[in-house]
Structures are given as C-alpha cells and as structure tokens.
Amino acid sequence: LSFGQEGWGATLADIYTRKADIFVRGYCGWNSRRAVQALDQVFPKDDAVQPSMVIVYFGGNDSVLPHPENQSSHVPLSEYVENMRKIYTHLKSLSETTRIIFLTAPPMNEAQLLQVLGEDSRTNELCQKYADACEELCQEIGIEVINLCNAFKQHDNWMTTCFTDGIHLTPIGSKIVAKEILKVLKEAEWKPSLCWEDLAVEFA
C-alpha cells in the first residue's frame with residue numbers, strides 16, 4: 001500500500017519528481033524466502049540499466065507465528081537472516097554504484113489486528129526480534145538499515161495512529177517511514193549522493 005495516497009512510496013516519488021524514477025514492488029503475503037526465489041526475475045544481472053538504490057523491506061510476514069498446517073508466511077529467524085544476506089549479495093553484484101537500504105519489520109497493534117482482521121498470529125515481541133536481527137546483519141555487512149520497530153516507538157501514540165488494521169500503515173505511519181528513509185539519504189556518505197537535494201532536475 002506504499003504507493004497509495006500519502007503512502008511512503010508515493011511520498012518518495014513526489015519528492016524525487018523530475019530527478020529520479022521510483023519503482024515500487026509490493027506483493028501481498030511475500031516473505032524473504034519468496035523474494036530470494038524471484039531475485040533474478042526482479043533484478044536481472046544482465047540488465048543494461050541497474051538501479052541506483054534498492055530499498056528492501058521484509059520481516060513483517062517472516063515473523064508471523066508458524067501455523068500447524070503450514071499455511072503461514074513464517075520463516076524461521078535464522079533462515080530470514082540468511083535470506084536477507086542472499087538478497088544483499090545479489091543486489092550488491094548488480095553494479096558498483098547500486099546502494100542498498102534495508103527496512104526492518106515494523107511493530108504493530110496486536111489488539112487492533114485481532115479486532116479488525118481476527119488475526120492473532122503476530123506479536124510485537126517477535127517483530128522486534130526479527131528487526132534487531134536484521135539490524136545486526138546490516139551492521140555486519142556494512143549497509144544502511146532503518147529499524148522500524150525502534151523508529152515507530154519513538155513517536156507518541158504510535159500504536160493508535162500508525163495502523164489502519166493493526167499492520168498496514170496509515171498516512172501517519174507512512175510519514176515516519178518516508179522521514180527515516182530521507183534522513184538516511186541525506187546523511188549517507190555516498191558518491192554520487194542520492195539525496196533529493198543534490199540531484200539535478202530533468203530539463204531544468
């Protein structure tokens with residue numbers, strides 16, 4: 001839903017208008033395991049033009065509790081970390097100038113999730129574990145990471161204002177995500193810089 005009205009993808013596309021093209025690919029129910037299987041299709045190594053930056057956002061579905069009948073998007077924590085490592089390795093091989101930002105699993109409103117969707121297979125405790133594991137991996141391999149669990153919890157009333165149904169983001173939640181991404185883009189010591197302020201305007 002990031003490309004919907006006031007979604008964080010739409011916000012980035014607006015800010016980077018006439019400076020860079022933002023492509024958003026969000027697939028319902030996907031986890032890091034499914035992403036690894038599709039890496040070559042979504043990011044072919046032989047494409048003539050490779051992305052300047054890729055924002056990778058997995059963890060929310062991976063951290064769902066396992067279902068006894070295997071009908072869950074759950075991925076064990078150790079496999080999730082290795083999947084994210086594989087995603088990083090593939091993206092890093094695309095070009096010398098492809099930059100990468102990982103977004104961790106966000107927190108959630110468990111009570112709202114149960115009330116609206118009737119779902120009790122997600123917990124904030126598990127989300128935090130997956131988020132922290134992703135952050136630890138990123139620190140190990142040396143790429144930018146935004147721990148959304150920590151970022152959201154810095155805001156007052158985050159639990160009641162950031163979610164439409166307990167997990168999907170409201171405009172307020174999306175604004176937090178966009179703000180954190182823009183902060184990384186501004187502060188990262190990348191050459192060339194990918195900060196919106198530093199990019200040339202097309203046909204200026």
Side-chain angles (χ1 to χ4, degrees), residues 1-30 32 34-36 38-61 84 87-106 131 134-135 138 141-152 154-155 158 161-164 167-204:
L1 304 179
S2 68
F3 225 65
Q5 187 174 14
E6 297 186 79
W8 62 267
T11 297
L12 293 178
D14 182 43
I15 290 172
Y16 277 86
T17 298
R18 296 181 62 202
K19 293 189 173 186
D21 295 322
I22 307 293
F23 297 90
V24 178
R25 295 293 183 269
Y27 302 110
C28 181
W30 274 41
S32 64
R34 184 69 184 89
V36 167
L39 273 175
D40 289 320
Q41 292 174 266
V42 180
F43 296 102
K45 290 185 178 182
D46 58 355
D47 266 8
V49 178
Q50 294 293 352
S52 298
M53 181 183 67
V54 181
I55 298 173
V56 181
Y57 189 9
F58 290 106
N61 289 328
M84 297 299 278
I87 292 170
Y88 157 76
T89 301
H90 182 88
L91 295 175
K92 192 68 177 174
S93 71
L94 296 180
S95 80
E96 293 183 1
T97 56
T98 296
R99 309 303 180 187
I100 305 166
I101 300 175
F102 276 8
L103 304 184
T104 76
C134 181
E135 182 176 19
C138 291
I141 59 183
I143 63 170
E144 299 290 343
V145 59
I146 298 169
N147 189 321
L148 290 180
C149 274
N150 296 342
F152 273 61
Q154 292 174 8
H155 294 263
W158 65 269
T161 61
C162 289
F163 310 105
T164 61
I167 53 173
H168 294 102
L169 301 180
T170 62
I172 292 175
S174 263
K175 187 175 182 180
I176 293 173
V177 177
K179 182 179 179 181
E180 292 293 327
I181 292 172
L182 292 171
K183 180 181 177 184
V184 169
L185 290 169
K186 188 164 188 172
E187 296 178 355
E189 296 180 356
W190 293 335
K191 294 181 180 180
S193 170
L194 298 179
C195 176
W196 71 100
E197 296 174 336
D198 298 328
L199 296 182
V201 176
E202 185 179 35
F203 301 117

Contact summary for [X] and [Y], nearest pair of heavy atoms:
X: C162; Y: I176; value: SG-CD1, 3.7 Å
X: C149; Y: T104; value: N-OG1, 3.9 Å
X: Y57; Y: P106; value: OH-CG, 3.6 Å
X: A35; Y: I87; value: CB-CD1, 4.0 Å
X: A105; Y: L148; value: O-CB, 4.0 Å
X: G4; Y: A10; value: O-CB, 3.5 Å

When you measure from the side chain of [X] to the backbone N and O of [Y], does any donor-acceptor pair fall under 3.5 Å?
X: R99; Y: I55; answer: no
X: T17; Y: A13; answer: yes
X: H90; Y: F43; answer: yes
X: R18; Y: F203; answer: yes
X: S174; Y: G7; answer: no
X: Q50; Y: P44; answer: yes
X: K19; Y: W196; answer: yes
X: T98; Y: P51; answer: yes

Students often mix this up, so state it plainly: with edges at 30° and 60°, are the rings of F163 and F152 parallel, tilted or perpendicular?
parallel
Residue pair [X] / [Y], side-chain heavy-atom distance below 4.5 Å:
X: V54; Y: V56; value: yes
X: W190; Y: E144; value: yes
X: I101; Y: I143; value: no

Any chance you could measure [X], atom [atom1], to [Y], atom [atom2], to the nearest 0.5 Å?
X: S32; Y: N61; atom1: OG; atom2: CG; result: 9.5 Å
X: C134; Y: L103; atom1: SG; atom2: CG; result: 8.5 Å
X: Q154; Y: N147; atom1: CD; atom2: CG; result: 9.5 Å
X: L94; Y: S52; atom1: CG; atom2: OG; result: 11.5 Å
X: K175; Y: L169; atom1: NZ; atom2: CG; result: 14.0 Å
X: Y16; Y: E202; atom1: OH; atom2: CD; result: 15.5 Å

Could you give me the CA-CA distance, side-chain angles and deciding distance for M53 and I100, then say whether side-chain contact (heavy atoms from CB on, under 4.5 Å) is met?
CA-CA 6 Å; M53 181 183 67; I100 305 166; over 6 Å; no
L1, CG atom: more than 12 neighbouring heavy atoms under 6.0 Å
no
With a cut-off of 6.0 Å (strictly less than), are more than 12 heavy atoms of other residues, nucleotides or ligands near CD of E197?
yes
Between I181 and I146, does the side-chain contact (heavy atoms from CB on, under 4.5 Å) criterion hold? Intermediate values first, please.
CA-CA 8 Å; I181 292 172; I146 298 169; 3.8 Å; yes
Run the numbers on W30 and F58 for side-chain contact (heavy atoms from CB on, under 4.5 Å), then give the verdict.
CA-CA 8 Å; W30 274 41; F58 290 106; 4.3 Å; yes
Kindly determine whether D14 and T11 satisfy side-chain contact (heavy atoms from CB on, under 4.5 Å), including the steps that lead there.
CA-CA 5 Å; D14 182 43; T11 297; 5.8 Å; no
